[in-house]
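To start, the structure under review is shown below, and the notes come after it.
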Number of protein chains: 2
Amino acid sequence: MDAANDTRQRIITAAQELIYTRSYNEVGVQEICDHANVKKGSFYHFFPSKRDLALAVLDQSQAFMHETIIKKSFLDDIPPLARIERFFTTIYEFHKQVKENTGRIFGCPFGNFGCEMSTQDEDIRSKVDNILSTSEKPFVKALTEAVERGDLPAIDTAATARAIFAYVEGIMLYAKTCNDPELIRELGKRALQLAVPVNMQ
Amino acid sequence: MDAANDTRQRIITAAQELIYTRSYNEVGVQEICDHANVKKGSFYHFFPSKRDLALAVLDQSQAFMHETIIKKSFLDDIPPLARIERFFTTIYEFHKQVKENTGRIFGCPFGNFGCEMSTQDEDIRSKVDNILSTSEKPFVKALTEAVERGDLPAIDTAATARAIFAYVEGIMLYAKTCNDPELIRELGKRALQLAVPVNMQ
DNA sequence: CTTGACATTGACCGAACGGTCAACTAGGGT
DNA sequence: ACCCTAGTTGACCGTTCGGTCAATGTCAAG
């Protein structure tokens, strides 16, 4: 049971890393197993198929992001809008570090999955869809707090959070394609401009 | 020469459609050839490898976007900022139509390629990078005109155009993952908010 | 000591992958 | 009539793909 969990966990972690740095279709089950020191026969003891592994990887990536990026960024030790700004500096520093270590920007794991798989696998699509929605929540909370404090006028915080997070995804895609972490910092500065009253006709 | 061009063209067009609606790694050379009514042996007479086809597909997709979306959106029959708004309604209507026909949103062909291939193939990455830069130009032009007309204060038009187009990519990724064209319309409304003076500090 | 549930292994499956190649066809220039 | 080039074809290459399975190992509960 212990060793089992460990094997399963090693598979997920290996897959997470390989798929994130390459792509779902570029990485085979065999390679994942090699990387996790597991025989392929064992793989199918824990996962009925490769796509079920993908779903598990998404769960783990979401948990990872929450622990390392969301929690840190949205701590309420600073004003709510400053937390959103801190979110961008956090992901900037994260990807800058990754680039120093690997020479590459790999983008957003959820955006990557969504881009590659949304038209191919409905379960993966809806899981990514759900993760994106969940990811908007800390932004909604921060924006709502900002409105309550009077830092922002009354706005549609849910729609604004969605716009900001869509912008995040666009920034990450740009940073990946240009392989330049500085884009995260530079473009991130403008994120809060997406939070203005709904006038604009 | 005529028939040759035609064969080559059919291959590119078939690949463009298949890769756009699925993904590069999901679509094999054989399937592309079947779709184009070409034998696989012929394929390698025109393309040294599958990735060279990908580069040709990117060229054709860029030309397609320029002819069908950019030209139409950025006609100078209306004020410059209205052209940017028209760009969003154009892509909204395009993808709404695609969804009606196919039930799916397939996102941005360049964003898709960039997401899937940037870490795998440097030539493809830099080609997509270049296409993104080129795509910013009509936005730069419109923004510059808007500044000249006094519709906007003096801003960094290049940086603003980049922010807006990154937002476009994020919107397209969101629309694809949520499979909902309405997101393009709703989120697109806020694009011009990314064009404000650089203060904000 | 036995049983049963879970874990592990390696051999194996058919299909598909990207890519190669020699043979053949077609057509225009000399 | 000849050749040369470009285009076409189908058989074929080794490799990898996702997935299956029966046999074996492990170990804790009864």
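Numbered from 1 within each chain, the chains take letters A, B, ... in sequence-line order.
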Worksheet entry | Gap separating the CD1 atom of B:Ile78 from the CD1 atom of B:Ile84, nearest 0.5 angstrom |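 Going from CD1 on B:Ile78 over to CD1 on B:Ile84, the span is 10.0 Å.
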Worksheet item: Between CG of A:Leu143 and CG of A:Asp156, what distance do you get to the nearest 0.5 Å?
Response: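 CG of A:Asp156 is found 10.0 Å from CG of A:Leu143.
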Rounded distance in Å - [atom1] ([X]) to [atom2] ([N]):
X       : N      : atom1 : atom2 : value
A:Glu26 : C:dA16 : CD    : P     : 20 Å
B:Asp52 : C:dG19 : CG    : P     : 9 Å
B:Ile11 : D:dG7  : CD1   : P     : 11 Å
A:Arg8  : C:dT8  : CZ    : C1'   : 17 Å
A:Glu31 : D:dC17 : CD    : P     : 7 Å
A:Phe47 : C:dA7  : CZ    : P     : 12 Å
B:His45 : C:dA22 : NE2   : C1'   : 15 Å
A:Gln9  : C:dA7  : CD    : P     : 14 Å

Does any donor atom in the side chain of [X] or [Y] lie under 3.5 Å from an acceptor atom in the other side chain?
X        : Y        : value
B:Ser49  : B:Asp52  : yes
B:Thr160 : A:Arg190 : yes
A:Gln16  : A:Ser61  : yes

Worksheet item: To the side chain of B:Lys39, which of C:dG10, D:dG10, C:dA7 is closest?
Response: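 Of the candidates, D:dG10 comes closest.
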Worksheet item: Do A:Tyr92 and A:Phe88 have ring centroids that are under 6.0 Å from one another?
Response: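 Between A:Tyr92 and A:Phe88, which both carry aromatic rings, the centre distance is not below 6.0 Å.
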Fill in: C:dT8 phosphate, OP1 or OP2, under 4.0 Å from A:Thr7 side-chain N/O
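Looking at the OP1 and OP2 atoms of C:dT8, one of them is under 4.0 Å from a side-chain N or O of A:Thr7.
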Atom pairs under 3.5 Å: protein N/O with N/O of nucleotides 19-22 of chain D:
unit_1: D:dG19; atom_1: OP2; unit_2: A:Tyr44; atom_2: OH; d: 3.2
unit_1: D:dG19; atom_1: OP2; unit_2: A:Lys50; atom_2: N; d: 2.8
unit_1: D:dG19; atom_1: N7; unit_2: A:Lys40; atom_2: NZ; d: 3.3
unit_1: D:dG19; atom_1: O6; unit_2: A:Lys40; atom_2: NZ; d: 2.8

